[in-house]
Number of protein chains: 2
Amino acid sequence: MSKTKILLAEDEPALGQIIKESLETRDFNVLLCSDGEKAMHTYQSDAPELLVLDVMMPKKDGFTLAKEIRAFDDTIPIIFLTAKSQTQDVVEGFTIGGNDYLKKPFSMEELIVRINNLLNRTRIQKTSEILHIGAYTFDFPKQRLNFNNTSEQLTHREAHLLFHLIKNKNQVLDRSLILNKLWGNDDFFSARSMDVFITKLRKKLNKDNSIQILNVRGFGYKLIC
Amino acid sequence: MSKTKILLAEDEPALGQIIKESLETRDFNVLLCSDGEKAMHTYQSDAPELLVLDVMMPKKDGFTLAKEIRAFDDTIPIIFLTAKSQTQDVVEGFTIGGNDYLKKPFSMEELIVRINNLLNRTRIQKTSEILHIGAYTFDFPKQRLNFNNTSEQLTHREAHLLFHLIKNKNQVLDRSLILNKLWGNDDFFSARSMDVFITKLRKKLNKDNSIQILNVRGFGYKLIC
DNA sequence: CTAATCGGTTAACACTAGTTAACACTAGTT
DNA sequence: AACTAGTGTTAACTAGTGTTAACCGATTAG
């Protein structure tokens, strides 16, 4: 099994080198980038498994970079390195979907512990990312809905909505929760858009009629299977 | 309650033994078979609750075995262990109706997570609450009221009200209790709304005239059946 | 016996959700 | 650049759900 690739974006050369070498003694393959733009390129060419991003960087700061990368992969674990200790920064990091942050100065041990935690967590998650609903199986990362020998590609929206329905199956999935999570707001138009997607999913799930998406008026939807 | 029986088919003795012992520490009863034919016999004689099948096995490979077992039981969860990482294999596993697959090498944690996921899923299905009232059956999770060969979808409110009536059948169900539970308050309007629902349920239950929803003036309702 | 109250029933209503299609926009292809 | 296909949003219309109102009968307290 090959080494785990970690992308490290850190503009201060000395610190970057120290972290890189420390991680390499722990058998990680570290891709060191000195600014946000280089990091973006390396991310796209080398497909690392985890990101360690300095927040304060030239060209492109860590948060912006994370936002852009999240457009491609919304599960990859990200650790932010921040000199500022303000809570505001931390909050921003998390809302982008960052998984952890580390305040400078930090010990190498701290960083390694967090890296291992995140890797374990996401690997366990990935192993259970093939979901089952009635006679269907749903491969969330691939966005494929399988039934017997047929397989159908879902769109990003369809897949995420279905994912949450399955994760909350046999219980009510709150409308406004899902609207905020997937659409980013809870207004009239997003709600109607969501209704359209529910219709689509119902059609795609109608091969097994033990599966139903029930509406709970005013609250949300319940996937029964 | 007895231990959950898991059939493990793995031809490599050392690996088979490791998996068996690991699962036994988690309180599973593991039936280890060294090839596909033995696994088939064990399946028929011991009725395990879940299958973990190596794909590459002598005598009979995992996919063929799964196909044959699916002829007897098309709901038993199956986890395939595969050394090959090719997508083709995975697809074939799913088209047989297999529920999950695991690429070697895998961690024991991964396997255990998947086993528990699959077991929970099938067990939840089996314990779904189907209630009986006279000649009707009422599937509460699906909100369906069945009579002979007809089936009717109930709304969320209807279903919950009926559920409580059935749970308290042949005894008085307190008005204010149900109002607080379903409507969240006990005011005039909610009470009148509830009356409307009682009327609706009476209509929907009138195919079996041994069933009656009786009013106990000032106290509540009593479902007789 | 009568008035007051409670519950039964039906229909009108407001609101929510379902469905379909048109549309704008993006991305991929020729 | 033009064409095509796909995705998600918006719009328009329809259907369904639950609340409220109105009217009625039944029961009970005075």
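Below, chains carry the letters A, B, ... as their sequence lines are ordered, and counting in each starts from 1.
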Checklist entry - What does B:Y221 touch in the nucleic acid at a heavy-atom separation under 4.0 angstrom: a base, only the sugar-phosphate, or nothing? => result sugar-phosphate

How close or far is atom [atom2] of [N] from atom [atom1] of [X], stated in whole angstroms?
X: B:D195; N: D:dG18; atom1: CG; atom2: C1'; value: 14 Å
X: B:Q212; N: C:dG7; atom1: CD; atom2: P; value: 18 Å
X: B:L182; N: D:dT19; atom1: CG; atom2: C1'; value: 15 Å
X: B:N215; N: C:dC6; atom1: CG; atom2: P; value: 12 Å
X: B:F219; N: D:dT27; atom1: CZ; atom2: P; value: 17 Å
X: B:L201; N: C:dG7; atom1: CG; atom2: C1'; value: 15 Å
X: A:Q153; N: D:dT7; atom1: CD; atom2: C1'; value: 13 Å
X: B:I213; N: C:dT9; atom1: CD1; atom2: P; value: 10 Å

Residue [X], side-chain heavy atoms: nucleotide from [options] that is nearest:
X: B:R157; options: D:dT9, D:dT19, C:dT9; answer: D:dT19
X: B:H156; options: D:dG18, C:dA17, C:dG7; answer: D:dG18
X: A:I198; options: C:dT20, C:dG18, D:dT17; answer: C:dG18
X: A:K203; options: C:dT20, D:dG8, D:dT19; answer: C:dT20
X: A:R202; options: C:dT19, C:dG8, D:dT20; answer: C:dT19

If you measure from [atom1] on [X] to [atom2] on [Y], what distance do you get to the nearest 0.5 Å?
X: A:Y43; Y: A:L7; atom1: OH; atom2: CG; result: 10.0 Å
X: A:F28; Y: A:L8; atom1: CZ; atom2: CG; result: 12.5 Å
X: A:I18; Y: A:E12; atom1: CD1; atom2: CD; result: 8.0 Å
X: B:L161; Y: B:F163; atom1: CG; atom2: CZ; result: 12.0 Å

Distance check: side-chain N/O of [X] vs OP1/OP2 of [N], anything under 4.0 Å?
X: A:K200; N: C:dT20; answer: no
X: B:W183; N: D:dT19; answer: yes
X: B:T155; N: D:dG18; answer: yes
X: B:T199; N: C:dT9; answer: yes
X: B:R175; N: C:dC6; answer: no
X: A:R192; N: C:dT19; answer: no

Could you please name the partner base of [N], counting Watson-Crick and G-U wobble pairs only when both distances are under 3.5 Å?
N: C:dA3; answer: D:dT28
N: C:dA27; answer: D:dT4
N: C:dT9; answer: D:dA22

Checklist entry - Is there a donor and acceptor pair closer than 3.5 Å between the side chain of B:R217 and the base of C:dT5? => result yes

Checklist entry - Taking the six-membered ring for Trp, are the ring centroids of A:F140 and A:H160 within less than 6.0 Å of each other? => result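 Yes, close enough.
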
Next on the checklist: Check this for me: does any side-chain nitrogen of one of B:E152 and B:K204 sit under 4.0 Å from a carboxylate oxygen of the other?
Outcome noted: yes

